[in-house]
Asker: 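One structure, pasted below without further comment.
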Amino acid sequence: MSLVERIKQVIPRQGGGPVDADRLAGRVDSLHRFVQAAEGHVPEDQLVTARTVIDRAGERLALSRAHTVVALAGATGSGKSSLFNAISKFQLSRVGVRRPTTGAAHACVWGPQGAGPLLDWLGVPPSRRFTRESALDGEDEAGLRGLVLLDLPDFDSIEAQHRIEVDRLLRLVDLVVWVLDPQKYADRVVHERYLAQFQRHRDVTVVVLNQADRLTRTDSERIVADLHRLLDADGLGGVPAFATSAKGRPGLDALRVTLERAVAERQASLRRLAGDVDGAVDALEPVVELDTRGADRISRGAVDRLSGALSAAVGVPIVVDATERTYRHRATGVLGWPVARWIRRLRPDPLRRLHLSTVQLEAPAATSLPESTAAQKAAVGLASREVAEEASAGLPEPWPAAITAASRSRVDDVPDALDVAVASADLGMERKPFWWQLVGALQWLGAAAALAGLVWLAVRAVFAFLGLPNLDGPQVGRLPLATALLGGGLLFGLLLAVVIRPVVGIAARRARARAERRLRATIADVATTHIVTPIRDVLRSYDDAREALSAARD
């Protein structure tokens, strides 16, 4: 068995099963749908990571899938530049032992051209790009064909810009090889600030103990064992960790095998992006919970109480009382004694005093209803909060705050909307019942009989005064017909008014109930449009966000 084959048996294969590119793209799309649903409801600082992952994943998936980007990251003096040169077999990156070294990454590409857009996206300057494979190599470098190897600046550089560049590239590369040296392999900075942050990217993380040629075999094995212990504490148990040297034993065979595997599998970029999505999803999980009640969580009772509070505040009791009195007023104007009708018509009915027209207009005028009292306004606020609290019960932050804000989002429009709703409501007062016409006709008949009797009596009186012949007519019993017509007509009108009064009262109360029912339905529409619907919109956004995040989970 060759040395390389033995190394392959020792070095564990990373990543488990393959990552499906289409499935990963679907997860990214689901994460994007989550951001769209949560936008405006969840604070932007909680969405920044997800937005970054979405942008990064979209850009990386659109770039070359034929290349695997591997970064050598380490502190000053760890020998990563020596490893970079040794792997490429050229002196491409300047080896430095004094800080600060260069702040730009070097890139070496194996294989045919086509990595230019990828290197542009990584931000590697053209002057720092090199192509390794040539015709002189034959098939010696075939195992690394497709590799883009980066030598990063030192992450412990005294230059802040160098550290920023390292952090930027570490978020973009497909696989990271952490280069540690025997003296600083246990440094807290590298473990706490960097390695421990790669728990979700364990499948694309490799750790090497470099410069092992300075150690005895026993010391090297002991340090590597201790390094495994530290990695376990970092949450990176099982991550490949082994000794390397650019100058002597144990050499670069183990590292080269690891790089060849990553290049051959072409999974590093997908695993890196999958880890990024996992991290974004985990960070967002507290924002949603598996609650499926959605917009139906608002009970009818809460909406009815809100509508009742708005009805009281806008003066619906005043309107329905005016409707009843208007019905009586108008009924009397049709059913009463004709002479009295004309007198009554000189007075406007109660609805018109409130500037409430019973004719539906395209642009109803403002009403003259009294303004809401402080108690009524407080009742509206209390009912609105009750709806918001009921809708947000059990939801994680920040959704309750978003629902409360939604319930108040159109509160300034409510007074005008209520006034328009009342002014334009159909109170059912335009249509005159058929029985009104019948009773009115009977009243006119009685009035006509009384008028005929009165005229007859007046003519008789004139004839008697002038000494003309008497115009005595037929008798009704002992009464002349003229007297009977006058008295009978008046008595008939009086009795009809007495009989019809309780009927008018019943009909007026029915008109009151109908008006109240219609007004409350109109007010309920205002409550739904201006308060309930914005809350339900937030709840739908929550449901969409919950479903999208669930789909974004692996």
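Atom set for the values below is all heavy atoms of this structure, side chains included, hydrogens, waters and symmetry mates excluded.
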Asker: What's the spacing between E39 CD and S541 OG if we round to 0.5 Å?
Answerer: 10.5 Å

Asker: Flag the pair E516 and R512 as a salt bridge only when some basic side-chain nitrogen lies within less than 4.0 angstrom of an acidic carboxylate oxygen.
Answerer: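 No, E516 and R512 are not salt-bridged.
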
Asker: Judged by atom type as modelled, is there a donor-acceptor pair below 3.5 Å linking the side chain of E390 to the main-chain atoms of S299?
Answerer: yes

Asker: Using a strict cut-off of less than 4.0 Å between a Lys/Arg side-chain nitrogen and an Asp/Glu carboxylate oxygen, indicate whether E389 and R385 qualify as a salt bridge.
Answerer: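 Salt bridge between E389 and R385, a charged N being under 4.0 Å from a carboxylate O: no.
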
Asker: Less than 4.0 Å between a side-chain N and a carboxylate O, is that true for D278 and R27?
Answerer: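 Judged by the 4.0 Å cut-off on N to carboxylate O distance, R27 and D278 do form a salt bridge.
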
Asker: In the structure I gave you, are the side-chain heavy atoms of V204 and V176 within less than 4.5 Å of one another anywhere?
Answerer: no

Asker: Examine the side chains of D413 and H530 and answer whether a donor and an acceptor come within less than 3.5 Å of each other.
Answerer: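 Checked: D413/H530 side chains show no N/O donor-acceptor pair below 3.5 Å.
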
Asker: From T522 OG1 over to R520 CZ, what is the distance, rounded to the nearest 0.5 angstrom?
Answerer: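 Taking OG1 in T522 and CZ in R520, the distance rounds to 11.5 Å.
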
Asker: Is the shortest distance from a Lys or Arg side-chain nitrogen in R540 or D543 to a carboxylate oxygen in the other one below 4.0 Å?
Answerer: no

Asker: What are the two closest non-hydrogen atoms of D282 and P286, and how far apart are they?
Answerer: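 Closest pair (atom of D282, atom of P286, distance): O-CD, 3.6 Å.
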
Asker: Indicate yes or no for a side-chain donor-acceptor contact from R200 to the backbone of D276 under 3.5 Å, with no hydrogens or angles considered.
Answerer: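 It does not hold such a pair.
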
Asker: CG/L395 to CD1/I403 distance, rounded to the nearest 0.5 angstrom?
Answerer: 5.0 Å

Asker: If you compare all heavy atoms of S407 against all heavy atoms of I535, which two are closest, and at what distance to 0.1 Å?
Answerer: CB-CD1, 3.6 Å

Asker: Please name the pair of heavy atoms, one in A38 and one in L47, separated by the smallest distance, quoted to 0.1 Å.
Answerer: CB-CD2, 4.2 Å

Asker: Would you check, one step at a time, whether the test side-chain contact (heavy atoms from CB on, under 4.5 Å) holds for D174 with R60?
Answerer: CA-CA 10 Å; D174 302 332; R60 183 63 182 95; 2.8 Å; yes

Asker: Donor-acceptor pair, S550 side chain versus E547 backbone, under 3.5 Å?
Answerer: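 Not a single qualifying donor-acceptor pair exists.
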
Asker: Using side-chain heavy atoms (C-beta onward) and a distance below 4.5 Å, is D20 in contact with L270?
Answerer: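 Counting from C-beta outward, D20 and L270 never come under 4.5 Å.
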
Asker: Any chance you could measure E265, atom CD, to R271, atom CZ, to the nearest 0.5 Å?
Answerer: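 Result: 5.0 Å between the selected atoms.
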
Asker: Hey, what do you get for CG (L236) to CD (Q197), rounding to the nearest 0.5 Å?
Answerer: 10.0 Å

Asker: Quick one: CD1 on I54 to CG on L31, what's the gap to the nearest 0.5 Å?
Answerer: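 I54 atom CD1 to L31 atom CG measures 4.0 Å (nearest 0.5 Å).
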
Asker: Has R501 got more than 12 heavy atoms of other residues, nucleotides or ligands less than 6.0 Å from its CZ?
Answerer: no

Asker: Flag the pair V287 / W399 as yes when at least one side-chain heavy-atom distance between them is below 4.5 Å, and no otherwise.
Answerer: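 Side chain of V287 against side chain of W399, heavy atoms only: contact under 4.5 Å found.
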
Asker: Taking the six-membered ring for Trp, are Y194 and F155 parallel (under 30°), tilted (30 to 60°) or perpendicular (over 60°)?
Answerer: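 Plane angle between 30° and 60°, so tilted.
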
Asker: What's the verdict on side-chain contact (heavy atoms from CB on, under 4.5 Å) for T68 and Q267, showing C-alpha distance, side-chain angles and the deciding distance?
Answerer: CA-CA 8 Å; T68 300; Q267 282 281 303; over 6 Å; no

Asker: Report the C-alpha distance between D55 and T52 in whole Å, list the side-chain angles of each, state the deciding distance to 0.1 Å, and finish with yes or no for side-chain contact (heavy atoms from CB on, under 4.5 Å).
Answerer: CA-CA 5 Å; D55 294 341; T52 302; 6.0 Å; no

Asker: side-chain contact (heavy atoms from CB on, under 4.5 Å), that's the test. Do V19 and L273 meet it? Break it down for me.
Answerer: CA-CA 10 Å; V19 177; L273 294 177; over 6 Å; no

Asker: Does E165 pair with R168 as a salt bridge, N-O distance under 4.0 Å?
Answerer: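 Between R168 and E165 there is a salt bridge, with a charged N closer than 4.0 Å to a carboxylate O.
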
Asker: What is the minimum heavy-atom distance between A383 and L306, and which atoms define it?
Answerer: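 Heavy atoms only, the tightest pair is CB-CA, 3.7 Å.
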
Asker: Should the pair D167-R171 be classified as a salt bridge under the 4.0 Å nitrogen-to-oxygen rule?
Answerer: no

Asker: Please name the pair of heavy atoms, one in L169 and one in L122, separated by the smallest distance, quoted to 0.1 Å.
Answerer: CD2-O, 3.3 Å

Asker: Is there side-chain contact between L284 and T49, with at least one heavy-atom pair below 4.5 Å?
Answerer: no

Asker: Grab the two heavy atoms, one from F198 and one from L170, that are nearest each other, plus how far apart they are.
Answerer: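 Between these two residues, the closest heavy atoms are CZ-O, 4.1 Å.
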
Asker: Examine the side chains of S30 and R33 and answer whether a donor and an acceptor come within less than 3.5 Å of each other.
Answerer: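 Distance-only check passes for S30 and R33.
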
